[in-house]
**Q** 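This is the structure I want to talk about, given as structure tokens.
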Amino acid sequence: MTRRSWALFAGMCVIWGIPYLLIRVAVRDFSPGVLVFARTAIGGLVLLPFALSRGGFGPVLRRWRPLLAFTVIEIGLPWLLLSDAERELSSSLSGLLVAAVPLVGVVVAYVVRSDDAGGGVLRYTGLLLGLVGVVVLLGLDFEHVTGRALIEMLAVAVGYAVAPVIMTRKLADLPSYPVIAASLLITAIAYLPYAALNWPSSIAAKPAWSVVALGIICTALAFVVFFALIADIGPSRATVFTYVNPAVAVLLGVMLLDEPFTAGIAVGFPLILVGSVLAARRPAPAEPRASDAVGAEAVVAETLACSEERAR
């Protein structure tokens, strides 16, 4: 990967390494549906001026079908299920379960016959090595965990793996800000009636600030960086940062909260980093085929980059 790709990758490791903690705090006062509304409304409103400056929503809304599919699969359902699951699961275990996203992404790439598939033995070794590292790092503690919560987290992982493929194939030639803002605002409008009827009567400071951080940092900023990362390295490799997210949470705890540096951290964190490097390998270039002329993700990524330059 290029230096830019690694910078984007590092940004996503941090930005999406903290939502599990923030969600865990926020659900103390906010129900899952209200939390999804608040997070998407804040994120969508923050990105609205940027979306309008990039040409507005006309071109995006003309592709309302893939836009709606992406919105539901990436945001509408996963964020609701994740918030509901974290009322029972710890933030660490939630991050561990979402670490299955890259593995699901590889399966999805093969099912849709994407050019993002492949990568050789080293790539699949990296995927498995990263997953082992997460298990070693955090351990598995399924005490008092219901099957419902685990199923919800599995659905989240599937949604996170499928949605980037929809975006890359159907929306990648559009400026990213209108796509992101439209998806967030559509979700907020959909959850508005529920939020209006179920808004909490009192909100403590920590849950309130957690929602603000979720909306601005972990939603608005995160999607801008995430889309740029997908354009650089493809959808399934772009999700490899989920291996590092739990490690970031642990490291922040060690540095800021004086939490113990355990043997699991010492062994698991290097495994995660090595696994991420190997899993981010690109497949070897294949001979060009006529069927690759349309929809090849390398071409789509280049188109996205060009459209962004024109939008600037």
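Keep in mind it's a predicted model, so treat the numbers as computed, not measured. When a residue number appears, it is its place in the shown sequence, counting from 1.
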**Q** Do you know the tightest heavy-atom contact between Leu184 and Gly44?
**A** CD1-N, 3.7 Å

**Q** Between Val46 and Ile189, is there a shared hydrophobic cluster once you connect ILVMFWY residues whose side-chain heavy atoms come closer than 4.5 Å?
**A** no

**Q** How long is the straight-line distance from CE of Met12 back to CG of Leu229, given to the nearest 0.5 Å?
**A** 7.5 Å

**Q** Can you tell me how far CZ of Phe30 sits from CD1 of Ile203, rounded to the nearest 0.5 angstrom?
**A** 3.5 Å

**Q** Between Ile42 and Thr219, is there a side-chain heavy-atom distance shorter than 4.5 Å?
**A** no

**Q** Between Tyr194 and Val211, is there shared hydrophobic-cluster membership here, with clusters defined by ILVMFWY side-chain heavy atoms closer than 4.5 Å?
**A** yes

**Q** Between Trp79 and Thr40, does the side chain to side chain contact (heavy atoms under 4.5 Å, CB included) criterion hold? Intermediate values first, please.
**A** CA-CA 10 Å; Trp79 290 8; Thr40 54; 3.5 Å; yes

**Q** Tell me the closest heavy-atom pair linking Leu67 and Val179, and the distance in Å.
**A** CD1-O, 4.1 Å

**Q** According to a 4.5 Å side-chain heavy-atom criterion applied to Ile, Leu, Val, Met, Phe, Trp and Tyr, with indirect links allowed, do Ile180 and Ile166 form part of one hydrophobic cluster?
**A** yes

**Q** Roughly how far, to the nearest 0.5 Å, is the CZ atom of Phe57 from the CG atom of Leu48?
**A** 5.0 Å

**Q** Out of curiosity, Trp199 CH2 to Phe37 CZ, how far, rounded to the nearest 0.5 Å?
**A** 6.0 Å

**Q** Hey, is the main chain of Ile23 close enough, under 3.5 Å, to the side chain of Arg39 for a donor-acceptor pair?
**A** no

**Q** Hydrophobic cluster membership, with links at side-chain heavy-atom distances under 4.5 Å among I/L/V/M/F/W/Y: are Leu21 and Leu82 in one?
**A** no

**Q** Which atom pair, heavy atoms only, marks the closest approach of Asp29 to Pro207?
**A** OD2-CG, 3.4 Å

**Q** Hydrophobic clusters here meaning ILVMFWY residues chained together by side-chain heavy-atom distances under 4.5 Å, can you tell me if Ile151 and Leu81 are in one?
**A** no

**Q** Report yes if some heavy atom in the side chain of Glu86 is under 4.5 Å from a heavy atom in the side chain of Pro32; otherwise report no.
**A** no

**Q** Any idea how Phe223 and Phe226 line up, ring-wise: parallel (<30°), tilted (30 to 60°), or perpendicular (>60°)?
**A** tilted

**Q** With rounding to the nearest 0.5 angstrom, report the OH to CH2 distance, Tyr160 to Trp16.
**A** 6.5 Å

**Q** Would you call Pro66 and Arg169 a side-chain contact if the rule is heavy atoms closer than 4.5 Å?
**A** no

**Q** At their closest point, which heavy atom of Leu8 faces which heavy atom of Val225, and how far apart are they?
**A** O-CG1, 3.6 Å

**Q** Ignoring hydrogens, what is the shortest heavy-atom contact between Cys218 and Leu22? Give both atom names and the distance.
**A** SG-CD1, 3.9 Å

**Q** Hey, could you give me each pair passing side-chain hydrogen bond (donor to acceptor under 3.5 Å, both in side chains) that has a residue in residues 60-72? Not counting sequence neighbours.
**A** Arg63-Asp173, Thr71-Ser183

**Q** Between Ser53 and Phe50, is there a donor-acceptor pair closer than 3.5 Å when you use the side chain of the first and the backbone of the second?
**A** yes

**Q** Any idea which heavy atoms bring Gly56 and Pro178 closest together, and the distance?
**A** O-CB, 3.5 Å

**Q** State which residues pass ring-ring contact (aromatic ring centres under 6.0 Å, His included) with Phe70; sequence neighbours excluded, sorted by chain then number.
**A** Phe227

**Q** How many angstroms lie between CD1 in Ile217 and CG in Leu214, if you round to the nearest 0.5 Å?
**A** 9.0 Å

**Q** Which residue pairs pass the salt bridge (Lys or Arg N to Asp or Glu O under 4.0 Å) test with at least one member in residues 146-157, sequence neighbours excluded?
**A** Asp84-Arg148, Arg148-Glu152

